Protein chains: 2
Amino acid sequence: MSKEGEKLRQARDEFVAQWGALGTQWGINRTMAQIHALLMTAPQALTTDDVMEELEISRGNAHSNLKELVAWGLVRPVVKKGERRDFFEAEKDVWQIFTIVARERKRREIEPALAILSKCAEDSRSIRTPEGVAFHEQMRALEDFVGFASKMSDRISSMKHGFALQMASKLFG
Amino acid sequence: MSKEGEKLRQARDEFVAQWGALGTQWGINRTMAQIHALLMTAPQALTTDDVMEELEISRGNAHSNLKELVAWGLVRPVVKKGERRDFFEAEKDVWQIFTIVARERKRREIEPALAILSKCAEDSRSIRTPEGVAFHEQMRALEDFVGFASKMSDRISSMKHGFALQMASKLFG
DNA sequence: CTGACTTTTCAGTATTTACTGAAAACGTGA
DNA sequence: TCACGTTTTCAGTAAATACTGAAAAGTCAG
C-alpha cells in the first residue's frame with residue numbers, strides 16, 4: 001500500500017516538475033504549467049492552499065496563476081456545499097485541452113499577426129517601385145497563409161474528437 | 001520617387017517592429033523576430049553590419065541572433081564573390097517557413113513532452129490503487145494524443161504546398 | 001609571418017518577467 | 001453592525017533573459 005502510494009507520488013511529482021520545465025519552452029511560465037499538471041492529475045478539486053503547499057509557492061503566485069488558468073479555460077472553479085473556499089479542477093479530456101489551447105493560441109498569436117500583415121499589405125498596395133511591389137507581394141503571401149491557417153484551426157477545433165481522428169486516419173492511413 | 005521610397009520604408013519599419021513584438025508572444029525573443037522580419041523583406045542579402053545599423057543593436061546581439069536563425073533554418077549564410085564578409089538571406093517561401101517552424105517546434109516542444117509522458121505512464125503502469133490507475137490512464141491518454149499530433153505534423157510538413165492546400169480545400173470546401 | 005579585416009566569445013550590465021508577503025478588500029453569518 | 005475566513009492586490013525583490021562592448025580568435029592576402 002504505502003509502497004504503491006509512494007510510487008504514485010513519485011511519478012506524479014516527476015510529471016509536475018517536468019511539465020513545468022516544458023512550459024517554459026512553450027511561452028507559458030513554469031508555475032502555471034506546474035499547477036496545470038497538478039490539477040490534471042488530482043483525484044479531486046484542490047484549494048489555493050493545497051496548491052501553495054504542494055508546490056511550495058506563495059499565495060499571490062498561486063492565486064494569479066490559477067486565475068490565468070481559469071482565463072484560458074483550462075481550469076474551472078467549483079463550489080463545494082458547506083465550503084467557503086474556492087476549489088479548482090482542470091479539464092482532463094485531451095481533445096478539450098487541445099481545442100482550448102488551439103483557440104487561445106489562435107487568439108493570441110495568429111490574429112495579431114494577421115492584423116499586422118493586413119495593415120502592411122494595405123499600406124504598400126499602391127507603391128510602384130520594384131522593391132515596393134516585392135514587399136507587398138511578400139505581405140500578401142504571408143497574410144494569405146496565416147489567414148488560411150486561422151481558418152483551418154477553427155474548423156479542426158470545432159470538430160468532435162472522434163470525427164477528427166477518423167478523418168485523420170482516412171487521410172494518413 | 002522619394003515619396004514612394006519613404007512610404008515603403010515606413011511600412012517595412014512597421015512590419016519589423018510589430019513582428020518583433022509578436023515574437024515575444026511566441027516564445028522567441030524580440031530581436032530574433034525583428035532580424036527575421038528584416039531579412040524576409042530585404043531585396044538582397046545583408047551583412048551583420050547592415051543588421052546592426054538597421055536595428056541599432058550591438059554586434060554581439062546581431063551575431064548571436066543571426067546564428068540562432070541559421071540554426072533554425074530560417075536564414076542561410078550566402079557567400080558573395082570578392083567579398084570577405086558573410087551575407088545572410090531569409091527563406092521567403094511561406095510554405096517552407098511553415099514547415100521549418102513546424103519541424104522545429106515539434107523537436108523542441110512535442111518530442112520532450114512525449115518523452116515525459118511515456119516515462120510517467122511506464123512508471124505508473126503497475127500501480128493498482130484507484131488513484132494510480134487514474135493517473136496511468138491520464139498519462140496514456142496524453143501520450144496517445146501527443147504522439148498522434150507528432151505524426152500528423154510530420155505528414156503535413158513533408159507535403160508539397162500545393163498538395164496540402166488541395167487536400168485542405170477538399171476537406172473544408 | 002604580418003597586418004588588415006572579420007567573426008566569435010563572454011564578463012558585466014540592463015531589462016524583463018516572475019514571485020513574495022503583507023495589507024486591503026470582500027463576503028457572510030451572527 | 002462586527003468578527004472571521006477568504007480572496008485580491010501590489011510594492012518591493014528575486015530570478016531569468018537579453019544585450020553591450022571590447023578582447024580574443026580566426027582568416028586570408030601579400
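Since the structure is predicted, the reported quantities are computational estimates derived from the model, not experimental observations. So you know, we letter chains A, B, ... as the sequences are listed, proteins then strands, and number each from 1.
Rounded to whole angstrom, the span from the CD atom of A:Glu56 across to the P atom of C:dC19 amounts to 14 Å. Rounding to whole angstrom units, CH2 of residue A:Trp26 and C1' of C:dT17 are separated by 21 Å. The distance from atom CZ of A:Phe87 to atom C1' of D:dT7 is 14 Å, rounded to the nearest whole Å. Going from atom CD1 of A:Ile28 over to atom P of C:dT17 covers 16 Å, rounded to whole Å. Atom CZ in B:Arg30 sits about 13 Å away from atom P in C:dT15, given to the nearest Å. Distance, B:Asn61 CG to D:dA22 P: 15 Å, rounded to whole Å. Atom CE of A:Met52 and atom P of C:dC19 are 14 Å apart (whole Å). C:dC5 atom C1' lies 12 Å from atom CG of B:Asp86, rounded to whole Å.
With B:Trp95 contributing its side chain and B:Met159 its backbone, the two residues share a donor-acceptor pair below 3.5 Å. In this structure, A:Arg12 contributes its side chain and A:Leu38 its backbone to a donor-acceptor pair below 3.5 Å.
For A:Asn29, counting side-chain heavy atoms from C-beta on, the closest listed nucleotide (C:dC19, C:dT7, D:dT7) is C:dC19. For B:Arg84, whose side chain is taken as the heavy atoms from C-beta onward, the closest listed nucleotide among C:dT6, C:dA18, C:dG21 is C:dT6. Nearest nucleotide to the B:His63 side chain, out of C:dT20, C:dT9, D:dT20: C:dT9. Side chain of A:Lys67, nearest nucleotide from D:dT9, C:dT20, D:dC19: D:dT9.
If you run salt bridge (charged side-chain N to carboxylate O under 4.0 Å, His left out) between A:Glu111 and each of A:Lys106, A:Lys151, A:Arg105, only A:Lys106 comes through.
Projected onto DNA chain D by closest heavy-atom contact, B:Ile57 and A:Thr48 fall at different nucleotides, the more 5' of which corresponds to A:Thr48. Place A:Gly60 and A:Gly27 on DNA chain C by their nearest nucleotides, and A:Gly27 ends up nearer the 5' end.
With a 4.5 Å cut-off on side-chain heavy atoms, B:Trp72 and B:His36 do not count as touching.
Note on B:Arg59: a base of the nucleic acid sits closer than 4.0 angstrom, heavy atoms only. B:Thr31 comes within 4.0 angstrom of sugar-phosphate atoms only, judged by non-hydrogen atoms across all strands, and of no base.
Side-chain N/O atoms of A:Asn65 include one lying less than 4.0 angstrom from OP1 or OP2 on C:dC19.
Minimum heavy-atom separation, A:Ala102 to A:Ser157: CB-OG, 3.6 Å.
For B:Arg85 against C:dT7, no side-chain N or O and base N or O form a donor-acceptor pair under 3.5 Å.
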